[in-house]
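First up is the structure itself, then whatever we jot down about it.
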Amino acid sequence: MMSNNDYTPPAVWKWEKEDGSKFSAINRPTAGAREQKTLPVGEHDFQLYSMATPNGQKVTIMFEELLAAGIDAADYDAWPVAIGDGEQFTSGFVEVNPNSKIPALMDHSGDKPVRLFESGSILQHLAEKFDAFLPSDPQARIECRNWLFWQVGSGPYLGGGFGHFYAYAPYKMQYPIDRFTMETKRQLDVLDKHLADNAYMAGEEYSIADMAIWPWYGNLVLGKLYDAAEFLQVEDYTYLLAWAKRIAERPAVKRGIIVNRFFGDGPQLAERHSAEDIDKALD
């Protein structure tokens, strides 16, 4: 590992097990299970295995919004997966998500169990299954999917790009920080310009597109991600900030963001098996 600007790539890349970064102890260039361990299963049809990162919060917000809308069939068990400890590499988890990323979901509500991985896929599945938070108007539904897939494609620049080099890299490097800061601010501007003319991402209706985007970009402009609000001058994005604050006040969002949270400040709920679990954590 080199800490200067004189690095020249070798003819053949070799893995350095310890690169000094936050997750170097668990990162490897190979996939698959590293230990045999089955996943726990609760009493509900939906079994979620996750952690309250932005990607994890998308799904727990969706579940809590469904329950708040009176859809009792959406009740769920949420089991913690400590990604810093490598729990996403157990055989049980890999069976649900071969990519070893949270969130992962098992849907036992049909004739055969269905595995779901990738947060966007989970959001679409739940929206279609319960006919909720997916606009019925054809144009608005297309717009919802446009922005859902925008987040799926844009998020890695924010998390894996800006977040990694700004917050997690073993030392500060101007080129990648400048590169990903520029892209992150461009994305914030994209959202701000869209929200200048729209209450929500799909128009006037709150949808899974908002649930996908808010945990990343909403938390970022609210100063809850990477401690980067001042650095990014988030106060410049007036409409985005207003949208972020409005969604943060939704009761289901307040409930969803603490599920599978076992780190940081504020209310935490490592496991969720009933509404009462969240009630107690928020008291």
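Keep in mind it's a predicted model, so treat the numbers as computed, not measured. We count residues from 1, following the sequence as given.
At distances below 3.5 Å, not a single donor-acceptor pair connects side-chain atoms of Glu204 with backbone N or O atoms of Tyr200. Side chain of Asp85 to main chain of Glu87: no donor-acceptor pair is present (N/O by atom type, distance under 3.5 Å, no hydrogens or angles). Without hydrogens or angle criteria, Asp107 side chain to Phe46 main chain gives no donor-acceptor distance under 3.5 Å. Looking only at distances, a side-chain donor or acceptor of Asp210 sits under 3.5 Å from a matching main-chain atom of Met201. The backbone N or O of Ala73 sits nowhere less than 3.5 Å from a side-chain atom of Asp45 that would complete a donor-acceptor pair. Panel note: side chain Arg255, backbone Thr60; no donor-acceptor pair is recorded below 3.5 Å. When atom types are taken as modelled, the side chain of Thr184 and the backbone of Leu158 share no donor-acceptor pair closer than 3.5 angstrom. Thr38 contributes no side-chain N or O that, together with a main-chain N or O of Gly92, makes up a donor-acceptor pair within less than 3.5 Å.
Counted within 6.0 Å of NZ on Lys101, heavy atoms from surrounding residues, nucleotides or ligands total 12 or fewer; the atom is thus considered open. Around CD of Glu235, the count of heavy atoms belonging to other residues, nucleotides or ligands within 6.0 Å exceeds 12. Within 6.0 Å of CZ in Phe130 there are more than 12 heavy atoms belonging to other residues, nucleotides or ligands. For CG of Asp283, the number of neighbouring non-hydrogen atoms (other residues, nucleotides, ligands) closer than 6.0 Å is greater than 12.
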- Task: List the steps and the verdict of side-chain contact (heavy atoms from CB on, under 4.5 Å) for Gln47 and Val96.
- Result: CA-CA 11 Å; Gln47 300 294 306; Val96 183; over 6 Å; no
- Query: What do the steps show when you test Ile61 against Ile257 for side-chain contact (heavy atoms from CB on, under 4.5 Å), and what is the final call?
  - Reply: CA-CA 6 Å; Ile61 288 171; Ile257 61 175; 3.9 Å; yes
- Item | Residues Glu95, Arg115; criterion salt bridge (charged side-chain N to carboxylate O under 4.0 Å, His left out); working and verdict | CA-CA 9 Å; Glu95 287 177 5; Arg115 76 173 188 182; over 6 Å; no
- List the steps and the verdict of side-chain contact (heavy atoms from CB on, under 4.5 Å) for Tyr76 and Val259. CA-CA 11 Å; Tyr76 68 107; Val259 177; 3.7 Å; yes
- Decide yes or no on salt bridge (charged side-chain N to carboxylate O under 4.0 Å, His left out) for Asp189 and Lys185, but give the supporting numbers first. CA-CA 6 Å; Asp189 198 39; Lys185 287 182 70 66; over 6 Å; no
- Task: Please step through ring-ring contact (aromatic ring centres under 6.0 Å, His included) for the pair His194 and Trp243, ending with a clear verdict.
- Result: CA-CA 11 Å; His194 176 72; Trp243 168 87; 9.7 Å; no
- Kindly determine whether Trp79 and Glu271 satisfy side-chain contact (heavy atoms from CB on, under 4.5 Å), including the steps that lead there. CA-CA 5 Å; Trp79 304 93; Glu271 292 184 16; 3.6 Å; yes
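Taking the ring centroids of Tyr166 and Tyr226, they lie at or beyond the 6.0 Å cut-off. Aromatic ring centroids of Trp150 and Tyr217 lie under 6.0 Å apart.
Tyr237 has its side chain out of reach of Leu191: every pair of non-hydrogen atoms, C-beta onward, lies at least 4.5 Å apart. Between Cys144 and Leu134, the closest side-chain pair of non-hydrogen atoms falls below 4.5 Å.
A salt bridge links Asp75 and Arg272; the closest N-O separation between the charged side-chain nitrogens and carboxylate oxygens is under 4.0 Å. Using a cutoff of 4.0 Å between basic side-chain nitrogens and carboxylate oxygens, Lys254 and Glu249 are scored as salt-bridged.
Expressed to the nearest 0.5 Å, how far CG of Asp279 lies from CG of Leu269 amounts to 10.0 Å. Atom CD1 of Ile258 is separated from atom CG of Asp277 by 9.5 Å, given to the nearest 0.5 angstrom. The CZ atom of Phe162 sits 5.5 Å away from atom CZ of Phe231, with the distance rounded to the nearest 0.5 Å. Here OG1 of Thr53 is found 7.0 Å from CZ of Phe263. Values are rounded to the nearest 0.5 Å. With rounding to the nearest 0.5 angstrom, the CG atom of Asp178 is 12.0 Å from the CE atom of Met173. Rounding to the nearest 0.5 angstrom, the gap separating the OG atom in Ser50 from the CD1 atom in Ile122 is 7.5 Å.
Residues Glu65 and Tyr206 have side chains that bring a donor and an acceptor to within less than 3.5 angstrom of each other. Gln57 and Asn219 are linked by a side-chain donor-acceptor pair at a separation below 3.5 angstrom, with hydrogens and angles left out of the test. A donor and an acceptor atom, one from each side chain of Gln124 and Glu128, are nowhere located under 3.5 Å apart. Checking His273 against Asp77 by side-chain atom types alone, a donor-acceptor pair falls below 3.5 Å. The closest side-chain donor-acceptor pair between Glu276 and Ser274 falls under 3.5 angstrom.
Nearest approach of Phe262 to Pro80, heavy atoms of both residues: CE2-CB, 3.6 Å. Of all heavy-atom pairs between Ala212 and Gln151, the closest is O-CG, 3.5 Å. For Lys245 against Leu222, the heavy-atom pair with the smallest separation is CG-CD2, 3.7 Å. Nearest heavy atoms, Asn97 versus Asn99: OD1-N, 2.8 Å. Nearest heavy-atom pair, Leu66 versus Ala132, reported as atom, atom and distance to 0.1 Å: CD2-CB, 3.7 Å. Residues Ala202 and Ala140 come closest through the heavy atom pair CB-O, 3.7 Å.
Follow the hydrophobic side-chain contacts under 4.5 Å out from Val94 and you never reach Ile26; the two are in separate clusters. Linking ILVMFWY residues whenever their side-chain heavy atoms come closer than 4.5 Å, directly or via other members, places Trp147 and Met211 in the same cluster. Met51 and Leu48 sit in two unconnected hydrophobic clusters of ILVMFWY residues. Membership requires side-chain heavy atoms under 4.5 Å apart, directly or through other members.
Aromatic ring pairs are classed by plane angle as parallel below 30°, tilted from 30° to 60° and perpendicular above 60°; the pair Phe180 and Phe165 is parallel.
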